[in-house]
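Here's the structure, in structure tokens; my notes come after.
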Amino acid sequence: MTFGLFVRFCKAIGVALVGILIAIVAGNIVAREFFSYAVVWANEVAVVLFVWIAFVGAGVSFAENARIRFTYLIEKLPARQFAFMELLVSVVGAVLIGGFLVTGAYVAWGHRNQTFASVQVSQLWQWASVPIGTFIALVGWIRHGHWSLNSSSARSDTKLAGT
């Protein structure tokens, strides 16, 4: 399975999760307002789905290089300094995302024995979204980063990315 195929799979999962989230929230509203019955587990499941959508969605946006960048000042730099700044951003970003991946895995593992209040399911299901989404983001960051001081490729790649 290629990384591109994996990203498309994550997008499809994200679409399905959004649909499920809407159905659960809408169903709970209808049950509460029209039948005076609240689905006890609906809020916790909705939060878990929202967290998965957010982290996997962020990972997909990094994997597709679809994040917003503010490059007005950096584009004014001479070619060599521009390339250095691109390299610096790539390295610092990879270190920060890598740190978030390790921290997210640590927190997820720490919550493995805790359960939700209304559903006796491990909170690992919610917290696992952090390292999984962050891993997708890290791979995407590495794939789209500028890893050399070659000023011509860094400047042309930034222009193509849609700054």
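Computed from a predicted structure; not experimentally measured.
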**OP:** State yes or no: do V121 and L124 share one hydrophobic cluster built from I, L, V, M, F, W and Y residues joined by side-chain heavy-atom distances below 4.5 Å, directly or via other members?
**Re:** no
Original post:
Are V130 and V107 side-chain neighbours, meaning at least one heavy-atom pair lies under 4.5 Å?
Top reply: no
**OP:** Could you note down all residue pairs passing salt bridge (charged side-chain N to carboxylate O under 4.0 Å, His left out) where residues 116-134 supplies at least one of them, sequence neighbours left out?
**Re:** none
**OP:** Under the side chain to side chain contact (heavy atoms under 4.5 Å, CB included) rule, what do I97 and L101 come out as? Steps first, then yes or no, please.
**Re:** CA-CA 6 Å; I97 295 172; L101 172 66; 5.6 Å; no
Subject >> Rounded distance (nearest 0.5 Å) linking atom CZ of R8 with atom OG1 of T2 >> reply: 6.0 Å
Original post:
Between atom CG of N28 and atom CG of N43, what is the distance when rounded to the nearest 0.5 Å?
Top reply: 6.0 Å
Original post:
When rounded to the nearest 0.5 angstrom, what is the spacing between OH in Y106 and NE2 in H111?
Top reply: 10.5 Å
Original post:
Are V119 and W125 grouped together when hydrophobic residues (ILVMFWY) are joined by side-chain heavy atoms under 4.5 angstrom apart?
Top reply: yes
Original post:
Linking I/L/V/M/F/W/Y whenever any side-chain heavy atoms sit under 4.5 Å apart, do V95 and V102 land together?
Top reply: no
**OP:** Could you check if a side-chain atom of F6 sits within less than 4.5 angstrom of a side-chain atom of I136, using non-hydrogen atoms only?
**Re:** yes
Subject >> W109 backbone acceptor or donor facing R112 side chain under 3.5 Å >> reply: yes
**OP:** Determine which pairs satisfy ring pair (Phe, Tyr, Trp, His ring centres under 6.0 Å) with at least one residue from residues 36-63, sequence neighbours left out, and list them in order.
**Re:** F62-W141
**OP:** For V56 and C10, work out which heavy atoms get closest and say how close.
**Re:** CG1-CB, 3.9 Å
Original post:
Which heavy-atom pair separates V51 from S129 by the least distance, and what is that distance?
Top reply: CG1-OG, 3.0 Å
Original post:
Closest approach of F116 and V48, non-hydrogen atoms and distance?
Top reply: CZ-CG2, 3.4 Å
Subject >> Heavy-atom check, side chain of F100 versus side chain of L138, under 4.5 Å >> reply: no
**OP:** Could you check if a side-chain atom of Q123 sits within less than 4.5 angstrom of a side-chain atom of T115, using non-hydrogen atoms only?
**Re:** no
**OP:** Mind listing the closest non-hydrogen atom pair of H146 and S90 along with its distance?
**Re:** N-OG, 2.8 Å
**OP:** Measure the spacing between CD of Q114 and CD of Q126 and express it to the nearest 0.5 Å.
**Re:** 10.5 Å
Donor-acceptor pairs under 3.5 Å, side chain of residues 11-21 to any protein atom, not counting sequence neighbours: which ones?
residue, atom, partner, partner atom, Å
K11, NZ, E64, OE1, 3.4
K11, NZ, E64, OE2, 2.8

Original post:
Do E86 and I74 have side-chain heavy atoms sitting under 4.5 Å apart?
Top reply: yes
Original post:
Minimum heavy-atom separation for V40 to S118, with atom names?
Top reply: CG1-CB, 3.6 Å
Original post:
Do V92 and W147 sit in the same hydrophobic cluster, where Ile, Leu, Val, Met, Phe, Trp and Tyr count as joined when their side-chain heavy atoms come under 4.5 Å apart?
Top reply: yes
**OP:** Could you grab the distance from atom CD1 of I132 to atom CH2 of W127, nearest 0.5 Å is fine?
**Re:** 14.0 Å
Original post:
Taking all non-hydrogen atoms of both residues, which atom of V25 and which atom of A46 are closest, and how far apart?
Top reply: CG2-CB, 4.0 Å
